[in-house]
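A short write-up of the structure that comes next.
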Amino acid sequence: MEERLTCIGIESTAHTFGISVVKHPPFEALCDVRRVYRPSSGGIHPSEAAKHHLQNASNALQEVLSKISVEDIDLVSFSRGPGLGPCLRVGAALARMIAIKLGKPLVGVNHAAAHVEIARALTKAANPIVLYVSGGNTQVIHPSEGRYVVLGETEDIAVGNLIDAFARKADLGFPGGPRVMELASKSSRLIRLPYSVKGMNVSFSGMLTMLESLVGKEPVEDLCFSLQETAFSMLIEVSERAMAMLGLNEFIIAGGVGANRRLREMAGEMCRERKAVFLDYPVEYYADNGVMIAWEGIVQYRLGESLNVEESVVKPRWRLSDVKAPPPGLYSN
Ligand code: AMP
Ligand code: MG
């Protein structure tokens, strides 16, 4: 059995400033503090979000320190990228300070890998296809042989971006996902929208253009319903293709859009039909959070990763395919 490690992790890539402490083995989240930035208008303004994170860093850390004792911390991790530069730098600065103060190793983690690994840890999936769907990403991933193979992705905008941009146009506020989901549940009228799947890739910009042109002309509930049914069918279709191609029978979803009930319902149906399993986990872990960053800190540290403070600059464009993936054995306890 591996040595027990306790990691404090900091998330700050975009809207959420989160700090958490995770222990393993066995996996246990000792605390999970989140402060979420809500833009006054439009989408995320990077400098405003960074200011929000800075203003909350101290009180969030105080809250964490009231729940755990610092002597227990073995390592410090932070979201190093991809994400918004000004936001990433707030989390990185706090993580460096804690690592220096405690004299503990610093681990810079990839935000996308953290989404995937928290999903694997919570479901104990051994060899899954992962659909990663968030505000800035849409990818079909297979973690295998020490790396993440991206089998398919969006050719233009992310599905979360589609939802948020449509929601902005329809005056539904930010983030759009929860409100779109609520309105969609009030309709069952499908408006035909562009359905664009090429192999295991998808494209959403045509759908967004059409939805935007229909705002004010069609009932908003019908637009929300049609967006969800069409976009999620595309995502489930490419995920199923990946499972069929690799002969795999476990499916998990990672990232904020996974909080959508309808998407998870479709995932369950697809898996039942092909005698596979959709592995779900508590909905609060789909959105950005510090738990996944603390956990990924432990995973990467065990793979031999750590940073000197002097070399710990953030990587706003860090690609998942450049990150080491852990072996499945990590999830057995
Ligand atoms: P993340 O960056 O991983 O936290 O994901 C944020 C994205 O998830 C945003 O685009 C949100 O609109 C979207 N989102 C959050 N909740 C839901 C939901 N219930 N349904 C669909 N999308 C959602
Ligand atoms: Mg995210």
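One-based numbering, in listed order, for ligands and for the atoms of each.
Judged purely by atom type and a 3.5 angstrom limit, N201 has no side-chain atom pairing as donor or acceptor with the backbone of T154. The backbone N or O of R189 lies less than 3.5 Å from a partner atom in the side chain of S187, making a donor-acceptor pair.
Hydrophobic clustering (side-chain heavy atoms under 4.5 Å, transitive across Ile, Leu, Val, Met, Phe, Trp, Tyr) keeps V36 apart from V180.
Of all atoms in ligand 1, listed by their number and element, those nearer than 4.0 Å to a heavy atom of D288 are 1 (P), 2 (O), 3 (O), 4 (O). Near D164, with a cut-off below 4.0 Å to any heavy atom, the atoms of ligand 1 are 9 (C), 10 (O), 11 (C), 12 (O). If you number the atoms of ligand 1 from 1 as listed, the ones under 4.0 Å from a heavy atom of A259 come out as 16 (N), 19 (N). Near S134, the atoms of ligand 1 lying under 4.0 angstrom from a non-hydrogen atom of the residue are 1 (P), 2 (O), 3 (O), 5 (O). Every atom of ligand 1 is numbered from 1 in the order shown, and the set under 4.0 Å from a heavy atom of M181 is 19 (N).
Contact of the L172 side chain with the F166 side chain is registered, since non-hydrogen atoms from C-beta on lie closer than 4.5 Å. Between L75 and I8 there is no side-chain heavy-atom pair separated by less than 4.5 Å. With contacts defined as side-chain heavy-atom distances shorter than 4.5 Å, the pair P143/R120 qualifies.
Residue H15 places a heavy atom less than 4.0 Å from ligand 1. Within the 4.0 Å heavy-atom cutoff, H115 counts among the residues contacting ligand 1. Judged by the shortest distance from any of its heavy atoms, A14 lies outside the 4.0 Å radius around the atoms of ligand 1.
Considering E237, E153, E155 in turn, E155 is the only one that fulfils the salt bridge (charged side-chain N to carboxylate O under 4.0 Å, His left out) rule with K198.
Using a 4.0 Å cut-off between charged side-chain N and carboxylate O, E265 and R262 make a salt bridge.
Annotation: Y37 is not in aromatic contact with H53 [ring centroid separation under 6.0 Å not met].
Residue Y286 places no N or O, backbone or side chain, under 3.5 Å from any N or O of ligand 1.
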Carefully, step by step, assess E269 and R274 under the rule salt bridge (charged side-chain N to carboxylate O under 4.0 Å, His left out).
CA-CA 9 Å; E269 283 166 14; R274 51 181 299 110; over 6 Å; no
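Checked by atom type, the side-chain pair R35/T16 shows no donor-acceptor distance below 3.5 Å.
Considering only non-hydrogen protein atoms, atom 22 (N) of ligand 1 sits nearest to G177 CA, 3.4 Å.
Take the Mg ion (ligand 2) and draw a sphere of radius 2.8 Å; the protein N/O/S atoms inside it number 3.
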